[in-house]
Amino acid sequence: MPALLRNNLGVVCSACGFLNVVGATKCMACGEATDSAPAAKPAEKPKLAVADPVTAPAAAAAVPQIG
(Lines give C-alpha, C1' and ligand atoms only; values in the text may rest on other atoms or scores of the structure.)
Protein backbone atom coordinates (compact mmCIF):
# COMPACT_ATOMS: atom_id res chain seq x y z
CA MET A 1 0.00 0.00 0.00
CA PRO A 2 2.76 2.57 0.76
CA ALA A 3 4.17 2.15 -2.76
CA LEU A 4 0.71 2.82 -4.21
CA LEU A 5 0.44 6.03 -2.21
CA ARG A 6 4.00 7.15 -3.09
CA ASN A 7 3.38 6.53 -6.79
CA ASN A 8 0.09 8.43 -6.87
CA LEU A 9 0.10 11.06 -4.12
CA GLY A 10 3.68 12.01 -3.36
CA VAL A 11 6.47 11.45 -0.88
CA VAL A 12 6.42 12.77 2.68
CA CYS A 13 9.85 13.83 3.95
CA SER A 14 10.85 11.92 7.09
CA ALA A 15 12.89 14.90 8.33
CA CYS A 16 10.45 17.81 7.99
CA GLY A 17 7.10 16.26 6.94
CA PHE A 18 6.84 18.20 3.66
CA LEU A 19 4.72 16.53 0.97
CA ASN A 20 6.89 16.27 -2.16
CA VAL A 21 5.92 15.46 -5.72
CA VAL A 22 5.64 11.86 -6.91
CA GLY A 23 9.04 10.21 -7.34
CA ALA A 24 11.02 12.93 -5.52
CA THR A 25 14.44 11.69 -4.42
CA LYS A 26 15.19 14.83 -2.35
CA CYS A 27 12.84 16.91 -0.23
CA MET A 28 11.90 20.13 -1.98
CA ALA A 29 11.78 21.98 1.37
CA CYS A 30 14.86 20.82 3.28
CA GLY A 31 16.92 18.82 0.74
CA GLU A 32 16.94 15.62 2.78
CA ALA A 33 17.05 12.40 0.73
CA THR A 34 13.69 10.61 0.60
CA ASP A 35 13.12 6.86 0.66
CA SER A 36 11.46 7.04 -2.75
CA ALA A 37 13.12 5.29 -5.65
CA PRO A 38 12.78 7.05 -9.01
CA ALA A 39 9.65 5.91 -10.83
CA ALA A 40 10.27 3.39 -13.57
CA LYS A 41 9.62 4.62 -17.06
CA PRO A 42 6.81 2.83 -18.87
CA ALA A 43 7.95 0.67 -21.75
CA GLU A 44 7.67 2.40 -25.09
CA LYS A 45 5.18 1.00 -27.53
CA PRO A 46 6.65 -0.15 -30.82
CA LYS A 47 6.03 2.35 -33.57
CA LEU A 48 4.12 1.13 -36.57
CA ALA A 49 5.33 1.87 -40.06
CA VAL A 50 3.04 4.30 -41.83
CA ALA A 51 2.98 4.57 -45.59
CA ASP A 52 3.87 8.01 -46.90
CA PRO A 53 0.86 9.15 -48.96
CA VAL A 54 3.15 10.97 -51.38
CA THR A 55 5.51 8.11 -52.23
CA ALA A 56 3.19 5.12 -51.67
CA PRO A 57 1.34 5.44 -55.02
CA ALA A 58 4.64 5.82 -56.88
CA ALA A 59 6.05 2.73 -55.20
CA ALA A 60 2.96 0.72 -56.11
CA ALA A 61 3.15 1.89 -59.73
CA ALA A 62 6.79 0.77 -59.95
CA VAL A 63 5.85 -2.88 -59.32
CA PRO A 64 5.53 -4.67 -62.67
CA GLN A 65 2.17 -6.31 -63.34
CA ILE A 66 2.25 -9.95 -64.43
CA GLY A 67 -0.63 -10.83 -66.52
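- Here Cys30 contributes atom SG and Asn20 contributes atom CG; the two are 8.0 Å apart, rounded to the nearest 0.5 Å.
- Side chain of Thr34 to main chain of Ala24: a donor-acceptor pair is present (N/O by atom type, distance under 3.5 Å, no hydrogens or angles).
- Criterion: ILVMFWY side-chain heavy atoms under 4.5 Å apart, direct or through other members. Under it, Val21 and Phe18 are part of a common hydrophobic cluster.
- The distance from the CD atom of Glu32 to the SG atom of Cys13 is 6.0 Å, given to the nearest 0.5 Å.
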